[in-house]
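Here's the structure we're looking at; comments come further down.
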Amino acid sequence: MMTQILTVLAFLLMALGVWGLMSRRHLIRIIIGFSLLDTGVHLLLVAFGYRSGGTAPILSDGIGVSGLVSGAVDPIPSALVLTAIVIGLAVTALMLSFAVRMYARTRSIYIDKNKELKW
Amino acid sequence: MLMLIGSIIALVGSAFLFLASLGLIRMPDVYNRMQAGTKATTLGSMLVFAGFVLVMPQSWPRLVLLILFIFLTNPLSSHALARSAHIQGVPVGTDRDDLAEANAGIPEGGAQ
Amino acid sequence: MILAMLITFGVMMLVAALVALYSRDIVTAIVASGVVSLLASVLYVLFGAPDVAMTEAAIGSALTTVVFLFAWSRIRSIASRDDSTNGEVR
Amino acid sequence: MFKRLFSLVLVVALAAAFFPLFATIGDRGDVSPLAESYLADAPDALGSANLVTSVIVTYRGLDTLGEVTVLFAASAGVSLVFSRLGSSSDGRRPVQNHAPSELVVTGAGLLLPLIFVFGVFIFVHGHLTPGGGFQGGVVIASGVLLALLAGTLTELSHGMLSVLEMLSGAGYVAVGLLGLWLAGGFLDPRFLPTGEIGSLFSGGAIPVIYSLVGIKVGAELSGVIDAMRRRRVVE
């Protein structure tokens, strides 16, 4: 049940992100849509790694190795998502810097006013 | 016994947190809300952590550090937020505006 | 209990995402997208990934918001440097 | 109008692509066989309590190396894009400038050492508790941001940043090569004693690698923040 709800939530966030990416015209909002899409994908990956009632994959005194094998969540999606979040920040910063540059050049923040690359 | 006292302290702290959230809704302007959301949450979360110290005595150093951190950061960040809101020109809902009066005496650009 | 928390936070996330896409003011939108990340970090804790939650809370809701605000303030400073107001920002 | 319709179609297509997922995914009681073998073997083999750290640093270590490189490329790109922008038209009219108040300056002076110590704590304890190089690096970058905002640090030395980054990146590769030479393979941390699970000096070279990652990430993100920050115009 929990996994399904998180999957649906992740899908809705991704859909909102794609919708924002496609339908908004303000550059900053487009980048916000991209970061929503990012968050949705991360939630989806975490949902794949979940097992019902799972604990964090960290060995402590209470849980031995056998407890980990029988009750901990999958550590691989966590690791992938962790690196993906950091990359997401770097990509967002790069996109924002291009947005600032584009504004400095075309003096318009709306993407449909920029006709340079239009076909 | 220690557990009971700790729980009561944590409960009082959460009551303060509740009052803070109530103030966040009910207060008239930005500065009043910010004050409600800072003073009451600082005391509230410090009380909650103090209660946790009594409930879980073995992890007291971390909790004391947390209390210290909240004590340092919460008023500071709220001060910076309120000041920048004032600089940005968010209207003050009450009659008095002491910061504007204090800045009025200082020539432009020298305002600290 | 956990299910109720999950649903509450999920609905809050969706509302914040809608605010981020449709609010009038850009700063509101930026803060709302930070709120989405913050709520996502709570969900990561519920789903047994505290490492990811820490990263998301530190990066997604703090540094990303700051980077967005820096970029927006630069755009506004470019706009205010223009003498005429043909540089449109809203 | 056409564009709106097209985006709607795209979202619907996304939903259609997702539909099999909704139908098949459910609550599972088990994890994949690979994860199960990690969960069973990793604590004894590596001596690190946090399995996410083991996966990031060891099993997917090459991935992390590439990822840090991508971060470096993005950081360099941001600096490059802004380096042209800053000097071309700045300084015509000074931006109205409010110095940080005395409370902020004093409080930042008190808090900054604590924040940096906290960041170092997070990445040194990455193999024992949640946290690690990425989180610690981000905390350090936030400390740098606070220092920049409070005026404790007016100019970030880019030479120092690049030296830090270069040294930590080279150290990362060097530790990986040491693993290749002394232990099982590239980035194998077992050339140092694995120690006892739960103590600070355990996990072989995992704390070393993660500290290097932390320093590198901290330097890179500080560079990004410093490049994106609007320069205060000084007359």
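Letters go in sequence order (proteins before strands), and every chain restarts at 1. On a predicted model such as this, the values are computed, not experimentally measured, just so you know.
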For [X] and [Y], which heavy atoms make the closest approach, and how far apart are they?
X         : Y         : result
Pro43(D)  : Leu59(A)  : CB-CD2, 3.9 Å
Leu80(A)  : Thr83(A)  : O-OG1, 2.8 Å
Lys216(D) : Val68(D)  : CE-CG1, 2.9 Å
Gly132(D) : Tyr210(D) : CA-CE2, 3.2 Å
Ser202(D) : Leu128(D) : OG-CD2, 4.2 Å
Pro75(A)  : Leu39(D)  : CD-CD2, 4.2 Å

Are there over 12 heavy-atom neighbours, none belonging to Phe118(D), within less than 6.0 Å of that residue's CZ?
no
Hey, does the side chain of Arg190(D) reach the backbone of Leu46(D) with a donor-acceptor pair shorter than 3.5 angstrom?
no
Just by modelled atom types, is the Ile31(A) backbone N or O under 3.5 Å from a matching donor or acceptor in the Arg24(A) side chain?
no
Where does [X] contact chain A at under 4.5 Å (heavy atoms): side chain, backbone, both or neither?
X         : value
Ala15(D)  : both
Glu220(D) : neither
Val52(D)  : both
Leu10(D)  : side chain
Asp63(D)  : side chain
Ile225(D) : neither
Arg60(D)  : side chain

Among [options], which residue has the highest count of heavy-atom pairs closer than 4.5 Å to chain A?
options                                : answer
Leu34(D), Asn50(D), Val55(D)           : Asn50(D)
Ser48(D), Ala49(D), Ala35(D), Ser75(D) : Ala49(D)
Leu8(D), Val70(D), Val12(D), Thr64(D)  : Leu8(D)

Going by the angle between their ring planes, with limits at 30° and 60°, are Tyr59(D) and Tyr38(D) parallel, tilted or perpendicular?
parallel
Side chain, backbone, both or neither: which part of [X] has a non-hydrogen atom closer than 4.5 Å to chain D?
X        : value
Leu21(A) : neither
Leu82(A) : side chain
Val73(A) : backbone

What pairs with Phe72(D) under ring-ring contact (aromatic ring centres under 6.0 Å, His included), at least two apart in sequence or on another chain?
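For Phe72(D) there are no ring-ring contact (aromatic ring centres under 6.0 Å, His included) partners, ignoring immediate neighbours.
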If the contact rule is any heavy atom under 4.5 Å from chain D, which residues of residues 87-94 of chain A qualify, in numerical order?
Ile87(A), Leu89(A), Ala90(A), Ala93(A), Leu94(A)
Of Val208(D), Val175(D), Ile206(D), which is the lone residue that meets side-chain contact (heavy atoms from CB on, under 4.5 Å) with Pro189(D)?
Ile206(D)
